[in-house]
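The structure appears below as structure tokens.
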Amino acid sequence: MLPNQLKCLYSFKNTNNRLFEMQRLDLPDTRPPSERFQWFRYQEQPKDTFEPLHFEGMGETANHVQWRQFKEGRLEFDKQGANFIPTQGTGFAMEIASEPLTDKLLARVTQFFTRVANA
């Protein structure tokens with residue numbers, strides 16, 4: 001898989017975390033969404049952590065706040081920013097990340113999808 005076969009749909013960050021959704025462009029729309037879309041969490045400190053989030057559901061409130069439910073927690077976001085409430089630990093606020101993903105993160109996403117495809 002090549003980085004140009006990926007598209008970042010949503011990206012949120014704070015000083016230590018980045019949550020983002022990637023879409024695989026190399027798969028047809030007939031494939032299940034679980035194969036074409038994936039959310040990730042990257043945390044720089046205290047250690048370099050990169051993990052896929054396990055999607056459980058999504059929706060939107062009457063106030064136009066979108067939410068995504070993961071095994072690891074709940075993400076709520078709108079045009080202003082986002083809040084992530086982990087299943088364990090303390091929640092945190094994030095802003096919309098306007099800069100593209102780093103080459104390092106794109107390489108990790110590519111490696112993840114390659115492992116999944118070869119599993």
Side-chain angles (χ1 to χ4, degrees):
M1 167 169 292
L2 301 172
N4 66 352
Q5 295 172 313
L6 298 168
K7 180 180 180 182
C8 185
L9 301 177
Y10 293 103
S11 185
F12 305 101
K13 69 173 186 167
N14 63 20
T15 56
N16 195 44
N17 293 279
R18 186 151 186 166
L19 269 68
F20 56 98
E21 182 181 25
M22 299 299 291
Q23 177 184 7
R24 289 185 62 173
L25 301 175
D26 62 326
L27 296 177
D29 291 345
T30 55
R31 298 293 287 266
S34 62
E35 292 180 16
R36 295 182 293 122
F37 302 95
Q38 178 65 53
W39 281 88
F40 296 93
R41 179 179 181 190
Y42 174 66
Q43 195 172 14
E44 284 191 271
Q45 302 294 330
K47 60 181 182 173
D48 187 40
T49 305
F50 176 81
E51 65 177 328
L53 298 175
H54 299 87
F55 182 81
E56 293 181 342
M58 64 186 279
E60 185 173 342
T61 69
N63 296 333
H64 305 290
V65 173
Q66 293 193 50
W67 58 268
R68 304 292 186 269
Q69 185 67 45
F70 307 101
K71 179 180 172 186
E72 297 81 4
R74 181 181 177 98
L75 175 67
E76 297 177 350
F77 61 95
D78 59 18
K79 294 178 182 178
Q80 306 302 315
N83 289 297
F84 185 70
I85 303 99
T87 305
Q88 297 179 353
T90 305
F92 50 87
M94 294 173 289
E95 62 186 23
I96 295 170
S98 57
E99 69 279 352
L101 298 179
T102 64
D103 289 343
K104 177 182 175 179
L105 276 180
L106 278 176
R108 290 178 119 170
V109 170
T110 301
Q111 290 169 354
F112 170 82
F113 283 126
T114 301
R115 279 195 314 271
V116 168
N118 294 331

Between Gln38 and the options Phe112, Phe20, Phe55, the side chain to side chain contact (heavy atoms under 4.5 Å, CB included) test singles out Phe112
Where Asn16 and Asn14 come nearest, the two heavy atoms and their spacing: N-OD1, 2.9 Å
Any link between Ile85 and Phe77 through a network of hydrophobic side chains (Ile, Leu, Val, Met, Phe, Trp, Tyr) touching at under 4.5 Å? no
Closest approach of Glu44 and Thr15, non-hydrogen atoms and distance? OE1-O, 4.5 Å
Would you name the heavy atoms of Gly91 and Pro86 that are closest together and state the gap between them? CA-CD, 3.5 Å
Do Asn83 side-chain atoms and Glu76 backbone N/O form a donor-acceptor pair below 3.5 Å? no
Check the pair Asp78, His64 against side chain to side chain contact (heavy atoms under 4.5 Å, CB included), reporting the backbone distance first and the verdict last. CA-CA 7 Å; Asp78 59 18; His64 305 290; over 6 Å; no
CZ on Phe92 to CD on Gln43, rounded to 0.5 Å: 7.0 Å
Single-linkage hydrophobic cluster Leu9~Leu101, side-chain heavy atoms < 4.5 angstrom: no
Non-hydrogen side-chain atoms of Lys71 and Thr87 separated by less than 4.5 Å: no
Rounded to the nearest 0.5 Å, how far apart are CD of Glu95 and CZ of Phe12? 11.0 Å
Determine whether Thr110 and Gln5 make a side-chain contact, defined as any pair of heavy atoms from C-beta on separated by less than 4.5 Å. no
Counting distance only, does the side-chain N/O of Arg74 pair as donor-acceptor with the main-chain N or O of Trp67 below 3.5 Å? no
Is a salt bridge present between Glu99 and Lys13, judged by a nitrogen-to-oxygen distance below 4.0 Å? yes
Aromatic Tyr42 / basic Arg108 pairing, under 6.0 angstrom, 45° off normal: no
Tightest non-hydrogen contact, residues Gly59 and Arg68, listed as O-NH1, 4.0 Å
So Asp48 and Lys104, side chain to side chain contact (heavy atoms under 4.5 Å, CB included) or not? Walk me through it. CA-CA 11 Å; Asp48 187 40; Lys104 177 182 175 179; 3.6 Å; yes
According to a hydrophobic-cluster definition based on side-chain heavy atoms being under 4.5 Å apart (Ile, Leu, Val, Met, Phe, Trp, Tyr only), do Phe37 and Phe113 belong together? no
Give a yes or no on whether Asp103 atom CG has more than 12 heavy-atom contacts from other residues, nucleotides or ligands under 6.0 Å away. no
Any non-hydrogen side-chain atom of Phe40 less than 4.5 Å from a side-chain atom of Leu105? no
Consider only side-chain heavy atoms of I, L, V, M, F, W and Y, link residues closer than 4.5 Å, and tell whether Met22 and Leu25 are in one cluster. no
CG of Leu53 to CG of Leu19, rounded to nearest 0.5 Å, is 5.5 Å
Is Glu72 reaching over with its side chain to a backbone N or O of His54, donor-acceptor style, under 3.5 angstrom? yes
Do Met94 and Val65 belong to the same hydrophobic cluster, where Ile, Leu, Val, Met, Phe, Trp and Tyr are linked whenever their side-chain heavy atoms lie under 4.5 Å apart, directly or via other members? no
